[in-house]
Amino acid sequence: MRRKNNRVREKGAAAIWGLAVFLGVGGIVLGFSLPVAGQASPGRGEWEAELVVNQGLGMGLDGTDGEFYPMDLLVADRNTGFFVQIQPEVWEEVGGQPTLLVSDSNETWRFADSEYREEYGLLCFDTSEQMSWEAGQYDVRVNFFRDFTLDRKLVFNEMREIRILVVPITGYYSGETRQTGPLGEVLWEYTEKVYPVGTDDLQWEIYDGSELAFDHNRFDLDTSLGRLRVWQQLKKLHDQEAADMVIGIVPGNMRQKPSAEEAAVTGFTFGENVSVISLEDSCPQVTIAHEIGHCLSLGDEYENGTFSVSMNMPPYGMKGKNRYRLSETAEGTNPYILGGTADEWQGSGTLVYGGQYPYDVLCGEVLLRDMTSFMGLSGYQEPEYWVTTQIWEALYLELCEKQ
């Protein structure tokens, strides 16, 4: 379940900039040594000129020392971007007309169209002729002037398909019946951005059966018992339809109990790959990603949440319940995994730094700003949330077909 931060106010427009590359999540970096001006967020004191093969989060955060490292868990059939981080003085030495070559055992793809963005020290390749890559191993090379090259071997792996049944619910709220309106793709596009999945790996189906009826006080969403009964009915549907997951969509937020002054519950689950999401949440599309995360064994990242320390260690110093032994206290113990401020400006989840190169896979923008984990506190707009190193790697291992 997500908890809502009630102190949130409208946040200013985020400063983002676009790159002429194709996107996704996970990335690979290589290069030669290059000093660079100091940076505000954790990472290397000295950067390299790096070839980044990126599907959404180019640099991981090493939990053993707080350093950034190149992520190498790549997904087949997912938009992929290529660029090189290289400072102006080095670009003057080895720039010219660089060429990107991507080869498998049968074919070589050549990309000569590039743009150097001096203000960001980034060389961007236009790979629009080949947006994604089939499963397999590839050799990547960038040829610069004066015979300088960058080389790397890449592996793109297939992810297993997940069938998700989306169920619109007419909800009963303390005597009032409210109906869920039409649902659209905007509700699940965010999950596709931040999960390690290929283009068609998440299969969303809107349930159109009429036998489910929740407009009765037995299913009062403002009570814990009513929510349990709704979940039980959806669990039956889950078993009947042989879906991997079922997500019920209700029209409004729910109260913790009928006497509560505020409807603050934005989603809930009792396990078994069945969750319920409220459209009245400040960002229901992020809550969907959050609840699916619970179905895949991820834990919360907010104070007094339910933690899954082996999947996504909560931020340092944060305390809550052990997901697998609810009577036990769990705590974030890694000093390099830091959380947000959980105030009106920032969420509570693990910090994602702009220097990790988060990408929006759908709109083609690199987001050079700090964000927080989507497993953190509810109550913010979508631009506040992203995937973390831990979550990407845990979900990749969970979903990868090749183990």
Side-chain angles (χ1 to χ4, degrees), residues 11-29 39-44 47 50-63 66-75 78-85 117 119-122 124 132 189-197 283 285-286 289-290 293 298 301 312 315 336-341 345-377 380-396:
K11 300 170 71 175
I16 56 178
W17 50 276
L19 290 177
V21 294
F22 287 88
L23 313 175
V25 183
I28 291 182
V29 186
Q39 56 187 42
S41 56
R44 301 171 183 166
W47 281 88
E50 295 165 320
L51 168 61
V52 180
V53 182
N54 194 297
Q55 293 186 323
L57 191 64
M59 302 294 285
L61 178 65
D62 192 330
E67 299 248 335
F68 291 159
Y69 66 90
M71 296 185 70
D72 60 359
L73 301 179
L74 297 172
V75 176
R78 183 179 177 90
N79 290 352
T80 306
F82 295 79
F83 66 93
V84 175
Q85 183 191 45
R117 303 288 298 275
E119 65 271 37
Y120 303 114
L122 284 168
C124 314
S132 62
E189 285 180 343
Y190 177 82
T191 302
E192 295 173 353
K193 293 181 188 179
V194 298
Y195 274 55
V197 292
C283 196
Q285 62 270 31
V286 176
H290 180 105
L298 295 180
E301 295 179 21
N312 57 317
Y336 299 111
I337 298 176
L338 302 178
T341 54
W345 300 111
Q346 189 177 62
S348 64
T350 300
L351 283 168
V352 181
Y353 299 99
Q356 294 181 259
Y357 305 122
Y359 281 88
D360 185 323
V361 66
L362 297 184
C363 69
E365 293 176 333
V366 58
L367 313 174
L368 279 185
R369 62 175 185 272
D370 293 352
M371 293 180 280
T372 59
S373 169
F374 63 78
M375 294 307 295
L377 196 67
Y380 304 86
Q381 296 300 311
E382 181 180 319
E384 169 58 24
Y385 300 103
W386 203 249
V387 64
T388 69
T389 305
Q390 293 184 94
I391 291 175
W392 180 265
E393 293 182 346
L395 293 181
Y396 191 97

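Numbers here are sequence positions counted from 1.
Here CG of L368 is found 7.5 Å from CG of L122. Values are rounded to the nearest 0.5 Å. Here the CD atom belonging to Q356 is positioned 13.5 Å from the CH2 atom belonging to W392, to the nearest 0.5 angstrom. To the nearest 0.5 Å, atom OG1 of residue T389 and atom CD1 of residue I337 are 8.5 Å apart. Within the model, atoms NE2 of H290 and CE of M375 stand 4.0 Å from one another, a figure rounded to the nearest 0.5 Å. Note that the OH atom of Y69 and the CG atom of L61 stand 7.5 Å from one another [nearest 0.5 Å]. R117 contributes atom CZ, which lies 14.0 Å from atom CD of Q85 (distance to the nearest 0.5 angstrom).
At a threshold of 4.5 Å between non-hydrogen side-chain atoms, the residues Q346 and T372 count as touching. Side chains of F374 and I391 form a contact here, defined as non-hydrogen atoms less than 4.5 Å apart. Annotation: side chain of V352 is in contact with side chain of L57 (closest heavy-atom distance under 4.5 Å).
Judged by distance alone, the side chain of Y336 and the main-chain N or O of D62 form no donor-acceptor pair under 3.5 Å. With T388 contributing its side chain and S373 its backbone, the two residues share no donor-acceptor pair below 3.5 Å. A donor-acceptor pair under 3.5 Å is formed between the side chain of R78 and the backbone N or O of V197.
For P315, the side chain to side chain contact (heavy atoms under 4.5 Å, CB included) partners two or more places apart in sequence, or in a different chain, are E301, M318, T350. Under the side chain to side chain contact (heavy atoms under 4.5 Å, CB included) criterion, Q285 pairs with Y190, C283, E382, not counting sequence neighbours. Every side chain to side chain contact (heavy atoms under 4.5 Å, CB included) that T191 has, sequence neighbours left out, goes to Y195, L202, W204, I288, A289, I292.
Residues P358 and Y353 come closest through the heavy atom pair CD-O, 3.8 Å. Summarising the geometry of M59 relative to Y357, their closest heavy-atom pair is CG-CD1, 3.8 Å, with the distance given to 0.1 Å.
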